[in-house]
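All remarks here apply to the structure that follows.
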Amino acid sequence: MTPEEQLQILTAGTAKVLSEKELLEKLRLGRPLRIKFGVDPTAPDIHFGHTVPLEKLRQFQLLGHQAVLLIGDFTATIGDPSGRSVTRPPLTRDEVLANAETYTDQAFKILDKDKTEIVYNGDWFRKLAYEDILRLNSRVTLQQMLQREDFRNRIEAGQEIRLHELQYPVMQGWDSVEIRADVEIGGTDQLFNMLVGRDLQKEEGQAQQVVVALPLLEGLDGVKKMSKSYGNYVGVNDAPNDMFGKLMSVSDILMARYYQLLLGETLDPAGHPMEAKKALAEKLTSRYHGAEAGSAAREDWDTRFSKKDLAAAELPELPLADLPADLNVLSLTAYGFKAAFALEKSNGELRKQFITTGSVQLNGEKLTDPNAAVSIAAGDVLKLSKKHAVRFI
RNA sequence: GGGCAGGUUCCGGAGCGGUCAAACGGGGCAGACUGUAAAUCUGCUGGCUUACGCCUUCAAAGGUUCGAAUCCUUUCCUGCCCA
């Protein structure tokens with residue numbers, strides 16, 4: 001593949017590349033480039049938003065370049081201040097290592113493990129003496145650091161910035177020197193840190209890395225960035241049916257984004273949107289759970305939602321023995337939500353929202369009277385809402 | 001340190017002694033329609049109650065009053081201006 005063709009693939013879906021010209025020049029060198037991607041193993045829960053840079057890294061890998069996955073075991077104990085409005089609590093070393101392992105397990109569902117070099121930045125940072133650190137710091141000015149938007153905002157807002165937080169960009173920059181990175185990949189929130197890498201490489205007489213910034217993935221609502229705290233995420237550890245279902249609920253516009261950023265593919269505008277969405281959901285589910293689970297999730301979705309055949313669908317199962325003693329429609333519904341989905345609904349909500357609207361159905365029969373007595377037999381299917389149903393056994 | 005404006009239910013934002021569980025908008029949830037899409041429409045959105053009603057909420061603590069989110073005092077916090 002020509003450098004020009006590679007460039008086109010590699011810049012697709014990116015938010016910013018500094019610069020495309022330099023990237024093209026590097027591609028023309030004809031040798032495998034060293035592509036750095038650094039992760040902070042600060043949280044064990046990984047969602048699809050985190051996989052966007054990995055997808056780009058894989059593209060580089062497929063084109064024959066060397067992926068270098070940097071585990072920020074050392075920097076994680078500081079906490080990246082990027083985009084943060086408060087100082088992050090430091091993690092213990094054990095937490096960091098455990099998180100790192102979880103992370104790599106997930107990452108290799110996307111990356112080719114055998115062709116990925118893993119490095120830990122503790123390997124060099126732990127060896128630095130105080131005088132080395134001072135020397136490193138002497139190359140970056142306070143003014144440069146203060147250009148950062150999040151630092152600036154915190155100063156303006158009168159919020160504290162601890163001195164060690166200023167070290168973070170310097171350290172990330174130094175990682176690039178140690179790795180001799182040709183390219184660094186990261187989210188747009190990493191732009192500043194990645195640029196520091198260029199400065200330090202220049203100081204060290206190295207060629208400067210090209211910075212590839214990727215957009216932050218929108219969450220399921222299509223508006224806010226994907227984040228656990230917004231509840232709009234798809235976790236890579238979500239159960240196959242959950243993952244499939246969540247992906248089916250995205251809007252058409254968002255689907256095109258997901259194609260681009262999660263699959264590295266372009267959505268064919270000629271196809272039927274629902275078919276395209278099922279294909280997206282199946283591919284992603286298969287990636288994390290295997291092809292078998294992927295197609296099973298699709299089949300189950302079809303029986304449950306396309307054919308609306310709840311009886312044949314795979315549902316959470318509740319034993320008859322655990323049913324509440326005073327069984328009526330209201331207590332049954334409350335029990336279903338609580339036992340199968342861990343959702344605590346108030347009686348008022350159950351009555352007004354779920355029962356009287358006809359949302360609650362037993363084997364297809366609407367149960368609209370909260371106080372009506374019900375009897376449940378094995379095999380009965382209780383539909384609580386469009387998205388929630390259980391089977392009794 | 002001085003002056004001014006504020007802190008209301010998930011968010012924004014009305015209310016400024018009783019008719020306030022608190023307008024309106026957003027968000028969320030449920031239903032209809034659909035492709036678990038979008039758009040649209042309907043309902044719900046503190047808790048308990050079939051309901052009458054009761055209970056807990058309007059930064060915190062006290063107080064005035066038959067009665068307070070609304071008035072007074074103190075405390076905490078926020079924004080703007082001056083030094």
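The chains referred to below are lettered A, B, ... by the order of the sequence lines, with proteins before strands, and numbering in each begins at 1.
A/Ser19 pairs by the side-chain contact (heavy atoms from CB on, under 4.5 Å) definition with A/Lys21, A/Glu22, not counting sequence neighbours. Not counting sequence neighbours, the partners of A/Glu4 by the salt bridge (charged side-chain N to carboxylate O under 4.0 Å, His left out) test are A/Arg28. When the side chain to side chain donor-acceptor pair (under 3.5 Å) test is applied to A/Asp242, no partner is found at least two apart in sequence or on another chain. Every ring pair (Phe, Tyr, Trp, His ring centres under 6.0 Å) that A/Phe48 has, sequence neighbours left out, goes to A/Tyr288.
Between the side chain of A/Asp252 and the base of B/G35 there is at least one donor-acceptor pair of N/O atoms closer than 3.5 Å.
A/Phe305 and A/Trp301 have tilted rings, their planes meeting at an angle from 30° to 60° on a 0 to 90° scale.
Listed by first and then second residue, the salt bridge (Lys or Arg N to Asp or Glu O under 4.0 Å) pairs involving residues 278-294 of chain A are A/Glu55-A/Arg287, A/Glu265-A/Lys283, A/Lys278-A/Asp302, A/Glu282-A/Arg298 (not counting sequence neighbours).
Among the protein residues, A/Lys277 comes within range of the nucleic acid bases, having at least one heavy atom under 4.0 Å from a base atom. Residue contacts shown for A/Asn347 are limited to sugar-phosphate atoms, with no base heavy atom under 4.0 Å away.
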Nucleotides 29-32 of chain B: which of its N/O atoms have a protein N/O under 3.5 Å away?
from: B/C29; atom 1: O2'; to: A/Gln353; atom 2: NE2; distance (Å): 2.8
from: B/C29; atom 1: O2; to: A/Gln353; atom 2: NE2; distance (Å): 2.8
from: B/A30; atom 1: O3'; to: A/Ser359; atom 2: OG; distance (Å): 3.2
from: B/A30; atom 1: O2'; to: A/Gln353; atom 2: O; distance (Å): 2.6
from: B/A30; atom 1: O2'; to: A/Thr357; atom 2: OG1; distance (Å): 2.8
from: B/G31; atom 1: OP1; to: A/Ser359; atom 2: OG; distance (Å): 3.2
from: B/G31; atom 1: OP1; to: A/Lys386; atom 2: N; distance (Å): 3.2

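Shown here, B/C80 forms a base pair with B/G3; the pair counts as Watson-Crick or G-U wobble because both key distances fall under 3.5 Å. In this structure, B/C20 forms no base pair with any nucleotide, since neither Watson-Crick nor G-U wobble geometry is met with both distances under 3.5 Å. Base pairing annotation: B/U57 forms no Watson-Crick or G-U wobble pair, as no partner gives both donor-acceptor distances under 3.5 Å.
A sub-4.0 Å separation between OP1 or OP2 of B/U50 and a side-chain N or O of A/Arg351 is present.
Going from the C1' atom of B/U8 to that of B/G3 covers 26 Å, rounded to whole Å.
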